[in-house]
Peer 1: 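Supplied in structure tokens, the structure appears directly below.
As a basis for the values below, the full set of heavy atoms in this structure was taken, side chains included, without hydrogen atoms, waters or symmetry mates.
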Amino acid sequence: MQFPPALRHKRYFYLWLGLVISIAGSQMQNAALHWHIRTLTDEPNPLALGGIGLARILPVIIFSFLGGPVADTYNRRRVLFITQSAMALVALALAVLTLTGQITIWYIYLLTAIQASAQAFDGPARQAMIPSIVPVKDLPNAFSMSSIAQNTGAIIGPALAGVVIATLGQEYTYLFNAISFLAVIIALVLMGKVNQDARNAPGINLSAAIEGFKFILSRKIILSTMIMDFVATFFASAKTMMPIVAKDILKVNEIGFGWLSSAESIGSVVTGVILSQIRLLRKQGKVFLIAVGIFGLATILFGFAYKIGPTVILISAPAFPVTLAFLVAFLAMVLSGSADTVSTIIRNTIRQLNTPDHIRGRMVSVNQIFFQGGPQLGEVESGIVASLFGVPAAIISGGIGCLVGVGLIALRWPQLRSYNGDEHLYAPTSPSA
């Protein structure tokens with residue numbers, strides 16, 4: 001097994017290590033927020049859980065128009081110092097309000113919206129900076145390692161959330177997340193100066209943001225992956241209803257909820273490690289479409305899990321009894337995470353390799369609307385469908401919607417089906433190509 005090439009580059013290694021720690025804290029907070037909302041409502045309330053998705057996506061839609069031009073105009077490393085500090089302060093505010101007993105659902109929505117506003121600037125700057133600290137030949141591996149960082153944190157975070165809530169209290173999940181942001185801040189200090197192409201700095205204006213949209217519309221291979229990302233996550237985002245699935249359907253406690261929330265990321269990390277050993281992945285378009293299809297099928301299986309052996313106890317663990325239904329739900333989420341990682345690595349590589357540096361921040365900011373808009377608006381959609389037809393119906397119908405979307409997009413953009421993965425090596429460099 002070879003050492004990942006991207007981690008041989010010191011600056012990327014610092015950033016990667018900081019992200020593993022910080023993402024673990026952020027994912028712990030995300031899981032804790034969903035559990036917190038469930039405990040603040042007397043009865044299961046899918047709409048209350050769906051509301052947090054709306055609080056996350058509205059700032060992203062509003063500020064992503066600015067986030068891209070900011071990342072292409074100003075020093076991306078300095079932008080990250082500001083955004084990481086802002087998100088740490090939001091987490092600290094959640095901890096203080098919870099500790100003093102003043103927290104309400106509306107405070108959670110407000111602070112989540114503030115944090116999402118910072119993320120709208122953080123994402124474009126961070127992703128656009130990676131090609132500046134990793135050579136082109138190691139860029140696919142860097143995105144594979146970034147996926148591992150994201151999903152390692154997403155395993156550790158929710159699992160810790162259940163333990164921390166049960167032992168120390170809800171407020172400590174937010175406090176630990178605030179501290180975790182120091183890891184990225186320290187990494188940015190250790191990295192030192194990062195060069196970027198400022199020759200075509202667009203400034204902060206509407207025309208600069210529009211230029212990002214025009215660029216994506218001119219690159220059908222990038223546009224098709226973004227639309228696929230939105231459709232799949234809009235319909236097949238099962239995480240939204242996880243507290244209700246865990247507490248009210250599968251009948252497990254905080255620890256069981258934490259493990260169920262981590263399952264998707266367990267599959268992601270295992271798959272990410274495997275893909276990090278592959279130097280060049282061929283037939284990427286077909287692999288991408290198959291992976292999204294498997295993601296939809298896994299969501300459907302998760303929705304049906306509660307009917308499979310709900311009373312069959314496999315392990316009488318002290319923390320909670322592991323039933324066959326829980327195991328099926330857990331494995332369905334593992335499969336979902338594995339498929340999602342394959343599609344994530346491929347679509348990120350396609351976008352970065354087909355985008356010049358001077359417009360990369362704006363490309364990422366537009367992608368952020370699709371990438372975050374899908375799951376966050378999907379949370380609202382899931383909440384509405386679940387309130388009308390029940391949580392299992394919301395999850396199963398979402399998986400079916402994902403499969404339909406895969407078929408329609410594959411038909412609409414045949415170039416996605418035929419994409420191999422080395423086209424950028426032979427493509428003209430002119431922006432109007």
Peer 1: Between Val406 and Gly293, what is the shortest heavy-atom contact and its length?
Peer 2: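 Minimum heavy-atom separation between Val406 and Gly293: CG2-N, 4.1 Å.
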Peer 1: Quick one: side chain to side chain donor-acceptor pair (under 3.5 Å) pairs with a partner in residues 84-99, sequence neighbours left out?
Peer 2: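 Listed once each, the pairs are Gln84-Asp122.
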Peer 1: Of the non-hydrogen atoms in Leu94 and Leu111, which two are nearest, and what is the gap between them?
Peer 2: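 Shortest heavy-atom separation between Leu94 and Leu111 comes out as CD2-CD1, 3.6 Å.
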Peer 1: Under the side chain to side chain donor-acceptor pair (under 3.5 Å) test, which residues partner Ser180, sequence neighbours left out?
Peer 2: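 Ser180 satisfies side chain to side chain donor-acceptor pair (under 3.5 Å) with Asn177 once adjacent residues are dropped.
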Peer 1: Decide if atom OH of Tyr172 counts as having more than 12 heavy atoms of other residues, nucleotides or ligands within a radius under 6.0 Å.
Peer 2: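 Incorrect, the count does not exceed 12.
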Peer 1: I'd like to check Leu15 versus Ile133 (side-chain heavy atoms, cut-off strictly below 4.5 Å). Are they in contact?
Peer 2: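 In contact.
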Peer 1: Is it true that Ser146 and Tyr12 share a donor-acceptor pair across their side chains at a distance under 3.5 Å?
Peer 2: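 Per modelled atom types, Tyr12 and Ser146 side chains form a pair under 3.5 Å.
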Peer 1: Would you call the rings of Trp106 and Tyr109 parallel, tilted or perpendicular, where under 30° means parallel and over 60° means perpendicular?
Peer 2: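 Trp106 vs Tyr109 ring planes: perpendicular.
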Peer 1: Looking only at the side chains, is there a donor atom on one of Ser336 and Glu264 sitting less than 3.5 Å from an acceptor on the other?
Peer 2: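 There is such a pair between these side chains.
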Peer 1: Could you tell me whether a side-chain N or O of Thr73 sits under 3.5 Å from a main-chain N or O of Val70, the two making a donor and an acceptor?
Peer 2: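 Answer holds: no.
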Peer 1: Suppose we screen for side chain to side chain donor-acceptor pair (under 3.5 Å). Which residues come up paired with Gln170, at least two apart in sequence or across chains?
Peer 2: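 Per chain and number, Gln170 pairs via side chain to side chain donor-acceptor pair (under 3.5 Å) with Tyr174.
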Peer 1: Residues two or more places apart in sequence or in another chain: which of them pass side chain to side chain donor-acceptor pair (under 3.5 Å) with Ser268?
Peer 2: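 Only Asn151, Thr341 meet the side chain to side chain donor-acceptor pair (under 3.5 Å) criterion with Ser268.
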Peer 1: So, the side chain of Asn75 versus the backbone of Arg78: is there a donor-acceptor pair under 3.5 Å, distance only?
Peer 2: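 At least one qualifying donor-acceptor pair exists.
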Peer 1: Might you work through the side-chain contact (heavy atoms from CB on, under 4.5 Å) test for Val342 and Phe288, ending with a clear yes or no?
Peer 2: CA-CA 7 Å; Val342 174; Phe288 174 71; over 6 Å; no
Peer 1: Which value, rounded to the nearest 0.5 Å, describes the distance between Ile400 atom CD1 and Ile300 atom CD1?
Peer 2: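 Those atoms lie 5.0 Å apart.
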Peer 1: Say whether, by atom type as modelled, one donor and one acceptor occur between the side chain of Arg76 and the main chain of Ala71 under 3.5 angstrom.
Peer 2: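 Yes; at least one donor-acceptor contact below 3.5 Å.
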Peer 1: Using modelled atom types only, decide if a donor and an acceptor are shared between the side chain of Arg77 and the backbone of Val194 within a distance under 3.5 Å.
Peer 2: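 Answer holds: no.
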Peer 1: If you apply the rule side-chain contact (heavy atoms from CB on, under 4.5 Å), what do you find for Leu80 with Val184, and how did you get there?
Peer 2: CA-CA 9 Å; Leu80 290 176; Val184 175; 5.8 Å; no
Peer 1: Starting from the C-alpha separation in whole Å, work towards a yes-or-no answer on side-chain contact (heavy atoms from CB on, under 4.5 Å) for Lys214 and Ser218.
Peer 2: CA-CA 6 Å; Lys214 287 181 177 178; Ser218 71; over 6 Å; no
Peer 1: Assess whether atom CZ of Phe81 is packed by more than 12 heavy atoms of other residues, nucleotides or ligands within 6.0 Å.
Peer 2: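 Counting neighbours around CZ of Phe81, more than 12 heavy atoms of other residues, nucleotides or ligands fall under 6.0 Å, so yes.
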Peer 1: Measure from the ring center of Trp35 to the ring center of Phe257 and say whether it is less than 6.0 Å.
Peer 2: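 Distance test on ring centres: under 6.0 Å, yes.
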Peer 1: Of all heavy-atom pairs between Ala55 and Ala116, which one has the smallest distance, and what is that distance?
Peer 2: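 The pair with the smallest heavy-atom distance is O-CB, 4.3 Å.
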Peer 1: Holding to salt bridge (charged side-chain N to carboxylate O under 4.0 Å, His left out), I want the full list of residues that pass it with Asp340, two or more places apart in sequence or in another chain.
Peer 2: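 For Asp340, no residue satisfies salt bridge (charged side-chain N to carboxylate O under 4.0 Å, His left out) once neighbours in sequence are set aside.
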Peer 1: Which pair of non-hydrogen atoms, one from Lys220 and one from Leu217, has the smallest distance, and what is that distance?
Peer 2: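 What the structure gives for the nearest pair is NZ-O, 3.2 Å.
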Peer 1: Are any side-chain N or O atoms of Trp16 and backbone N or O atoms of Leu7, one a donor and one an acceptor, separated by less than 3.5 Å?
Peer 2: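 No: the side chain of Trp16 does not pair with the backbone of Leu7.
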Peer 1: Please identify each residue that fulfils side chain to side chain donor-acceptor pair (under 3.5 Å) with Arg11, with sequence neighbours left out.
Peer 2: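 With sequence neighbours excluded, Arg11 shows a side chain to side chain donor-acceptor pair (under 3.5 Å) to no residue whatsoever.
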